[in-house]
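This report concerns only the one structure given below.
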Protein chains: 2
Amino acid sequence: MAGIEEVAKLAGVSTATVSRALSGRGPVSEATKLRVVAAAAELGYVVSSNASSLASGRMRNIGVVIPFLDRWFFSSVLEGAQHALLRNGYDLTLYNLSGEGSERQSVFEHFLLRQRVDAVIAVSLELTEAEVARLHALDKPLVGVGGPIPGVRTLTIDDVAISRLATEHLLALGHTRIAHIGGTHEFDLDFHLPTNRRLGYEAALVDAGYAVDPSLFAPADFSIKGGYHAAKQLLGVPRDRPTAIFAASDEMAIGSILAARDLGLSVPGDVSIAGIDDHDLADFFGLTTVAQFPRQQGERAVEILLEQLQPTDAPPGQADTRLPYELIVRASTARPSPSA
Amino acid sequence: MAGIEEVAKLAGVSTATVSRALSGRGPVSEATKLRVVAAAAELGYVVSSNASSLASGRMRNIGVVIPFLDRWFFSSVLEGAQHALLRNGYDLTLYNLSGEGSERQSVFEHFLLRQRVDAVIAVSLELTEAEVARLHALDKPLVGVGGPIPGVRTLTIDDVAISRLATEHLLALGHTRIAHIGGTHEFDLDFHLPTNRRLGYEAALVDAGYAVDPSLFAPADFSIKGGYHAAKQLLGVPRDRPTAIFAASDEMAIGSILAARDLGLSVPGDVSIAGIDDHDLADFFGLTTVAQFPRQQGERAVEILLEQLQPTDAPPGQADTRLPYELIVRASTARPSPSA
DNA sequence: GTGAAAGCGCTAACAC
DNA sequence: GTGTTAGCGCTTTCAC
């Protein structure tokens, strides 16, 4: 492994110049820069990130803390972040918290404090004050995706508005008995997504002049399986069956479609179904949904972070960035059939 | 951020002793070790990984190169690896190659050479000789999951045997017209999984005395959607319909189940369906499958790597480790109905 | 079992 | 625009 000294020798300059030429910091004439780059290429030289980081304090590495890897939303955010980081020459160090709670503690007490990352992206995690404080004490920028986290720059989606949008779509089609499959309380811990989505649904109903019927709510765990069972329960009643289901995630909505089929109901003939996410499979199932763009969320988080790592003290930007969403109407929703 | 010097002062020892006490390398009396650990805890001291790595040459960091994040198999391997690494105090630096080819090059030419990782895990990637050579030149251990990669320690699953097992299950039930949904050629590039799985299927048929009927093969892209369309084609013929489908992945098998339903066929009444993976959703769909345990594959890869990082020159272990698999019979397979 | 001191391979003042 | 040099914060010989 060639070192900076050898490159300097081959290019006929000092190590300082090599450092400047290769990092782009500090003035170097075009001619010498070319020689240095050529020498580095010839020797297959790559800066040692440890030596560089130790001397400069810059790690070129971002830590991503994420609770799950095997769900579409999370892996998409991660993919977006990874992509944006790679493009900028940054490494991504992954901290997946899917195990027991002890992992979370060691990540925040040890791993993130090792001076290995310049900044941290926390996905769908509500950090404790202590956790935030630790990172701030190290002067490490932090951005939350899916927060909000008090005192931290976050990217959030307006869950209330999203739900309202989906529900209003069903109302506009003429549905009045609209059921909702939402999250259980355990999913409310880190970010109040289930609650907010339920609130949006209820607000849309109330605004349209309908009462909220508690019997039209069923909790599930955000999975296809969970949505299936919840929908079976909602649709299994012989009389006063809901004519539409709005599920708080596409996976639960897909489960609902499968449940409807198993009950011999046609979608959207007998029941309309809408979700949230625009999951990979939504198109395949013809699911009407409100898209949120997780890949872009990951990319955006990186951009914000890299901006913050620039020494340019521009206006720090607003603390909370609202993410875009979009209603995508497919074949799973339609006007209620007159017979219903 | 407290440094080693402050800890030394507080514990009343030299920095050398602090280093020894905290890293466990070199002799320290039990008493001083206790004092040092207490002092470190009191100051909230965490070793700077850069300084430590620069001085010692150990990074406590493993690079994982992986082609996809949003597929169950890959995210599960990643999760297993992450878990095992965290438990051992190692960081995981992720390199996802899902973008265009340029990413792959920069990962191997720059990112991995920055001296940031002790070793590399390559998941389902057939590395070029040049790529392997680069890593070996740096003396970085490398293990492949899903290889095999010539000259590299790999964990592989016997795809031929897995397919044979699934096919023999269908044969044993009395099926003779067994269709196969396999991968297209593009998926054969990095690891010959589609070909091997097809070979196992064909070998089982031939051994049982049946000819391979090319009309009973349909290619797809390993997705639910792809499997759906392939199955529609296979099952759409009025006469001589296959009585069973063996798909090279659970996602394609699930697509087949949905296709069968849409065609008004019952599973397993009219057609039996089997897959490979034991995907998250396999249980929900009652899918008979051959499980391969991707989480454990990730964990195992880490164990092998960490072993290799030990200076103990024990027997280096065999070059190719075969992974376990297991037939899981659920409700999607049964004896063919007499009427068929 | 413990301490002193010499680096690890770079970067960033500072001088020129 | 370029070279000189003093660290960055640890680990590791080597003495004791």
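Keep in mind that what you see is a predicted model, and the values were worked out from it rather than measured. The sequence lines fix the lettering, A, B, ..., with proteins before strands; numbering per chain opens at 1.
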In whole Å, what is the span from the CD atom of E5(A) to the P atom of dG7(C)? 13 Å
Nearest-neighbour nucleotide for the R20(A) side chain, dA12(C), dG1(D), dA13(C) considered: dA13(C)
Between C1' of dG1(D) and CZ of R35(A), the distance in whole Å: 12 Å
May I ask you to evaluate whether S23(A) reaches the phosphate of dT11(C), defined as a side-chain N or O under 4.0 Å from OP1 or OP2? no
Have a look at V47(B) and say if it touches a base, only the backbone sugar-phosphate, or nothing, with a 4.0 Å heavy-atom cut-off. sugar-phosphate
Upstream residue (5' side of DNA chain C) when E30(B) and Q115(B) are each assigned their closest nucleotide: E30(B)
Look at the side-chain N and O atoms of R114(A) and state whether any lies under 4.0 Å from the OP1 or OP2 oxygen of dC10(D). no
For A51(A) and T32(B), find the nucleotide of DNA chain C closest to each by heavy atoms; which residue's nucleotide sits nearer the 5' end? T32(B)
Can you tell me if NE2 on H136(B) sees more than 12 non-hydrogen neighbours from other groups inside 6.0 Å? yes
Going by an N to O cut-off under 4.0 Å, is there a salt bridge joining R295(B) and E299(B)? yes
Whole angstrom is fine here: how far is it from CG in N50(B) over to C1' in dT11(D)? 14 Å
Verify the neighbour count for atom CD of E109(A): are there more than 12 heavy atoms of other residues, nucleotides or ligands below 6.0 Å? yes
Is the phosphate of dC10(C), meaning OP1 or OP2, less than 4.0 Å from a side-chain N or O of S52(A)? no
Choosing from dT12(D), dG1(D), dC8(D), which nucleotide comes nearest the side chain of P27(A)? dG1(D)
Among dT2(C), dC10(C), dG7(C), the nucleotide that comes nearest once only the side chain of A55(B) is considered: dG7(C)
Would you say S56(A) places a side-chain N or O within less than 4.0 Å of OP1 or OP2 belonging to dT11(C)? no
Nearest-Å distance, CD1 (I4(A)) to P (dT5(D))? 16 Å
Quick check: do V302(A) and I121(A) have side-chain heavy atoms less than 4.5 Å from each other? yes
What's the closest nucleotide to the A16(A) side chain, out of dT12(D), dC10(C), dT4(D)? dT4(D)
Quick one: is dT4(D) close enough that its OP1 or OP2 comes under 4.0 Å of any side-chain N or O from S14(A)? no
Evaluation steps, side-chain contact (heavy atoms from CB on, under 4.5 Å), between R322(A) and T156(A): CA-CA 5 Å; R322(A) 286 297 174 154; T156(A) 55; 3.8 Å; yes
Is there a side-chain contact between T17(A) and the phosphate of dG3(D), meaning an N or O under 4.0 Å from OP1 or OP2? yes
Looking only at side-chain N and O atoms, does S29(A) come under 4.0 Å of OP1 or OP2 in dT2(D)? yes
